[in-house]
Amino acid sequence: MIKDQKVIFSGIQPSGRITLGNYLGAVKNWAPLQEEGLCLYCVADLHAITVRQNPAELRQRSLTLYAQLLASGIDPEKSILFIQSHVAEHAELAWILNCYTMFGELSRMTQFKDKSAKNADNINCGLFAYPALMAADILLYQTDLVPVGVDQKQHVELTRDIAGRFNGLYSETFTVPEPLMQKSGAKIMSLSDPTKKMSKSDPNPKSYVLLMDSPDEIMRKFKSAVTDSESTVRRGEGRDGIGNLITIYSVAAGKTPEEVEAEFEGRGYGDFKKAVGEATVELLRPVRERTEELLKNKDYLEESYKAGAEKAARLAVRTLDKVKRKVGFAGKIR
Ligand code: TRP
């Protein structure tokens, strides 16, 4: 593929409703990248079924997530926004790459180890091979940059190894991508246990703020956020709860943590939690409202994801056809 701009690819799983943590850590950074190159973003539903999903919920969450990505500023004219299962080339390349990915490599993936511990009754082959699917996502588009959080970095490293191995065997086929790590301040912790990452799969709903939570819910969740027995709004050793709230406020209000500490000098936790809640409500309000509007406009959503899938497929087949030829599949059908 001849490229006159950088290709940027990322995905997000519709395996739960998206949280403030997902938004600040990933999605919010995606729209600005549209100035840096051609962006492709996908709702990774093929990845989601590696853990058991309720079909009706999965369907609804995929569409909601798609709308939330649009609402967070991803422009479907500029970027390619699609649902992974709509572009068959992902599954097809994933199969081929499975045959170039080693059992040992997959066994070392920390996410596989974590997820198999959590889903001991369903350690399926898809869960194991998941990184090869992610490699297929990335490599199909000759991606240069992959914006990810730290938990996905190992998968991007493996993608680089797979690409290098394939290129070494068959000559240059794939661009070897680089992970694009999100800047600090993006890691949002649980509101009920601030030593753990904020997670949508946490059984305690007070531990996370959802993008679609109402202003009241958001205020209530911050009010009950776990802090400590001190009383100053300052970061420090063992002050994970207050530190997390400072991070959230600083991102939501566009201030540095130092500025936040200065602003709340001499003020109590009650005041501060209220301010964090209000800043978060205002940060999320436009995204939530736009998402609600989009979800009412089913025709527009459908048109948009169909167009996204078509654009993605046009690029994907180019790489896939090349791969098929190189590994020795016979004939030419297009
Ligand atoms: N596996 C990623 C996650 O769980 C989501 C994802 C799927 C992804 N395909 C991708 C991220 C390709 C980056 C590139 O967060």
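Whatever order the structure lists ligands and atoms in, that order sets their numbers, starting from 1. Quick note: residue numbers are just sequence positions, from 1.
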Which atoms of ligand 1 are found less than 4.0 Å from any heavy atom of S10? 11 (C), 13 (C), 14 (C)
Pick from T143, V146, L180: the one approaching atom 14 (C) of ligand 1 most closely through a non-hydrogen atom: V146
Ring centres under 6.0 Å, that's the criterion: do Y66 and F82 meet it? no
Taking heavy atoms and a distance under 4.0 Å, where does Q152 meet ligand 1: side chain, backbone, both or neither? side chain
Protein heavy atom at shortest distance from atom 9 (N) of ligand 1: D137 OD2, 2.7 Å
Check against salt bridge (charged side-chain N to carboxylate O under 4.0 Å, His left out), K332 and D321: CA-CA 9 Å; K332 193 171 171 16; D321 284 352; over 6 Å; no
Just need the protein heavy atom nearest to atom 1 (N) of ligand 1, so name the residue and atom and give the distance. Y130 OH, 2.7 Å
Element-labelled atoms of ligand 1 that are located less than 4.0 Å from some non-hydrogen atom of A44: 7 (C)
Enumerate the atoms of ligand 1 whose separation from the nearest heavy atom of V148 is less than 4.0 angstrom. 13 (C)
Salt bridge check: are K322 and E172 linked by an N-O gap of less than 4.0 Å? no
Short N-O contact, R234 and E258, less than 4.0 angstrom: no
side-chain contact (heavy atoms from CB on, under 4.5 Å) test vs T280 passes for just one of Y23, Y249, F222, namely F222
Which residue holds the protein heavy atom closest to atom 5 (C) of ligand 1, what is that atom called, and what is the gap in Å? G11 O, 3.4 Å
Heavy-atom contacts under 4.0 Å between D151 and ligand 1: side chain, backbone, both, or neither? neither
Which residue and atom name correspond to the protein heavy atom nearest atom 12 (C) of ligand 1, and how close is it? F9 CE2, 3.5 Å
Interfacing atoms of ligand 1 (cut-off 4.0 Å, heavy-atom, I138): 12 (C), 14 (C)
Proximity of L133 to ligand 1 by residue part, where a heavy atom lies under 4.0 Å: neither
Please confirm whether F9 and Y41 have ring centers closer than 6.0 angstrom. no
For the 3.5 Å polar cut-off, considering only N or O atoms, please tell me whether H155 and ligand 1 meet it. no
Salt bridge or not between E105 and R165? Use side-chain N to carboxylate O under 4.0 Å. yes
What's the verdict on side-chain contact (heavy atoms from CB on, under 4.5 Å) for D75 and L70, showing C-alpha distance, side-chain angles and the deciding distance? CA-CA 7 Å; D75 175 354; L70 285 172; over 6 Å; no
Using a strict 4.0 Å threshold on nitrogen-to-oxygen distance, state whether E282 and R285 make a salt bridge. yes
Within the structure, does Q13 bring an N/O atom to less than 3.5 angstrom of an N/O atom in ligand 1? yes
